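Worksheet: the structure to be examined is printed underneath.
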Amino acid sequence: VFVYTTLIGVLGGAREMTLMGAMYEEMKAAGLKPTLVTFNRLLYAYGRNNMLEEALAVCAELRAAGMAPDRVTYGTLIDLFSKAGQHERAVAVFEEMQAAHLQPDAVAYTVLMNSYKRMGDPHKALALYRRMLDEGCEPNIFSYNTVIDLHGKAGRTRLAMTIFQEMRSKGVVPDVMTYSTMIDLCGKGGLYDAAEEMFESMQAAGHVPDTVAWSTLIQMWGRAGDPHRAALYFRRMLRAGLTPSVPAYNALMFAFLRADMFVEAKAAFDTLRRAGQAPS
RNA sequence: CAGUGAUGAC
C-alpha cells in the first residue's frame, strides 16, 4: 500500500494521469486497500489536472470505503474547487468541514483566503484572516505571505511592513516568497531603499534569490526610471547563474523603453529570442 | 507519533 501510494503521488505530480489511474487499479486488483493518504493524493492529482469529475469520484470512493475526509482532504478540495473557478463550492466545502466538526487548520483558512483573493475580494480574504485569529488558529508562513501580499496590493505598504515584523517576532521565518512579496510592495510604494534592504536581508538570512526576486527588483528600477540599475541587477542575476525568465526580460526591456533606450531594448529582445524563449 | 493539501514578479 505504501509503495503504491508513493507511486501514485509521483505519477500524479508528473501529470501522468493514465499511468496513475492504472497504478490505482492495479493496487485494488492486488487486493490492497487504499488509505486516506492514497485518496488524498489522487484528489490532488485530479485537481491539478482539472479533472473535476474524477476528483468527485475519488470523494465518493473514499466515503464508500467508510472513511471520513480529514483536514488534508478538505484543504485539497477547497483549493481544487477554487482553482477550477468554483469559488462558491470552495466556500461550501469549508463550511462542510466545520459541520463535520473539523476545526479548520491554517491551511484551510489560507487556501480559502486565496480563493477570495483570486475572486478579487480582498476584503473578505482579510475578514477570514481576522476570523482565523479570533478562532485561535496560528497563522503560518503561507498565511502571512498571503496577508502581506493582500495589504501590499491594496497599497498599505506600512501595514504590510508591520505584519512582516510581527511575523518575525512570532518566530515565523520569512522565506524567498515573503521577501519577494516585500520587495514588490516596497517598490510599488516607492520605497526603493527599503526594497533593496529587503533583498539584502534575504541574502543575509541565507536565502538564494530566485528569478522572481531578481525580476521584481529589475522591474522596480525600470518603473522608477533607472534603467542602469535595472540592467545592473539583470547582469547580477546572470552572474548568479540563473536563466532569466520571460518576465525578467520584459522588465529589462520596459526599463530601456521607458528611458527611450531603443537600441538596448532591441538588444534585450534579440537575446531573449536567441535564448529560445517565447516573447509574451 | 506519522507519508498527502495552500502563498510571490509580468
Side-chain angles (χ1 to χ4, degrees), chain A residues 1-10 12-13 34-48 55 58 62 69-83 90 93-94 97 104-118 125 128-129 132 139-150 152-153 160 164 167 172 174-188 195 198-199 202 207 209-223 230 233 237 244-255 272 277 279-280:
Chain A
V1 179
F2 215 88
V3 172
Y4 275 108
T5 301
T6 306
L7 272 169
I8 285 171
V10 172
T35 66
L36 191 50
V37 174
T38 318
F39 287 123
N40 287 345
R41 292 189 119 147
L42 284 167
L43 254 187
Y44 170 74
Y46 285 128
R48 272 178 53 119
V58 172
L62 181 163
D70 66 357
R71 289 183 165 82
V72 175
T73 318
Y74 281 112
T76 309
L77 271 174
I78 296 170
D79 190 51
L80 177 160
F81 282 128
S82 171
K83 289 188 175 145
V93 173
F94 185 80
M97 179 177 189
D105 59 1
V107 177
Y109 277 110
T110 308
V111 170
L112 194 61
M113 278 168 53
N114 278 291
S115 189
Y116 282 118
K117 189 164 168 259
R118 266 190 293 275
L128 188 63
Y129 179 65
M132 171 181 178
N140 62 20
I141 184 154
F142 288 82
S143 329
Y144 276 117
N145 288 352
T146 303
V147 169
I148 289 173
D149 189 51
L150 279 164
K153 292 273 188 317
F164 177 74
M167 158 185 183
V172 178
D175 62 6
V176 177
M177 285 198 190
T178 319
Y179 284 106
S180 29
T181 305
M182 289 304 299
I183 294 167
D184 187 46
L185 94 234
C186 287
K188 285 181 177 145
M198 279 295 165
F199 190 78
M202 171 173 60
H207 296 289
D210 60 6
T211 12
V212 176
W214 288 106
S215 322
T216 307
L217 264 184
I218 296 165
Q219 196 193 59
M220 174 183 89
W221 285 120
R223 274 195 315 254
Y233 279 109
M237 173 176 65
S245 56
V246 172
Y249 276 108
N250 284 346
L252 183 66
M253 289 189 323
F254 180 86
L272 166 73
Q277 304 243 37
S280 67

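Side chains included, hydrogens not; waters and symmetry mates left out as well; all remaining heavy atoms used. Labels below follow one simple rule: chain letters A, B, ... track the order of the sequence lines, proteins then strands, and each chain is numbered from 1. If you're wondering where the values come from, they're calculated on a predicted model, not measured in any experiment.
Looking at heavy-atom distances under 4.0 Å, V246(A) makes no contact with the nucleic acid at all.
Taking all atoms of both residues into account, the shortest heavy-atom contact from G152(A) to A160(A) is N-CB, 4.3 Å.
We find that CZ of F254(A) is positioned 16 Å from P of A9(B), with the value rounded to whole Å. Atom CE of M113(A) and atom C1' of G8(B) are 14 Å apart (whole Å). Nucleotide C10(B) holds its C1' atom 10 Å from the CG atom of D184(A), rounded to whole Å. One interatomic measurement links the two molecules: CG of D210(A) to P of A9(B), which rounds to 12 Å at whole-angstrom precision. Taking atom NE2 of residue H207(A) and atom P of nucleotide G8(B), one finds them 17 Å apart after rounding to whole Å. Rounded to a whole Å, the CH2 atom of W214(A) is 14 Å from the C1' atom of A9(B).
Residues passing the salt bridge (charged side-chain N to carboxylate O under 4.0 Å, His left out) test with D184(A) are K188(A), sequence neighbours excluded. Partners of L7(A) under the side-chain contact (heavy atoms from CB on, under 4.5 Å) rule, at least two apart in sequence or in another chain, are V3(A), M23(A).
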Letter by letter from the 5' end, nucleotides 2-7 of chain B scores (B base, S sugar-phosphate only, - none; protein heavy atoms under 4.0 Å) -BBBBB

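Evaluated for a side-chain hydrogen bond (donor to acceptor under 3.5 Å, both in side chains) with T146(A), the options T181(A), T110(A), N114(A) yield exactly one hit, N114(A).
Taking the six-membered ring for Trp and the full ring otherwise, Y109(A) and F94(A) have centroids separated by under 6.0 Å.
Side-chain polar atoms of D79(A) and S82(A) form no donor-acceptor pair below 3.5 angstrom.
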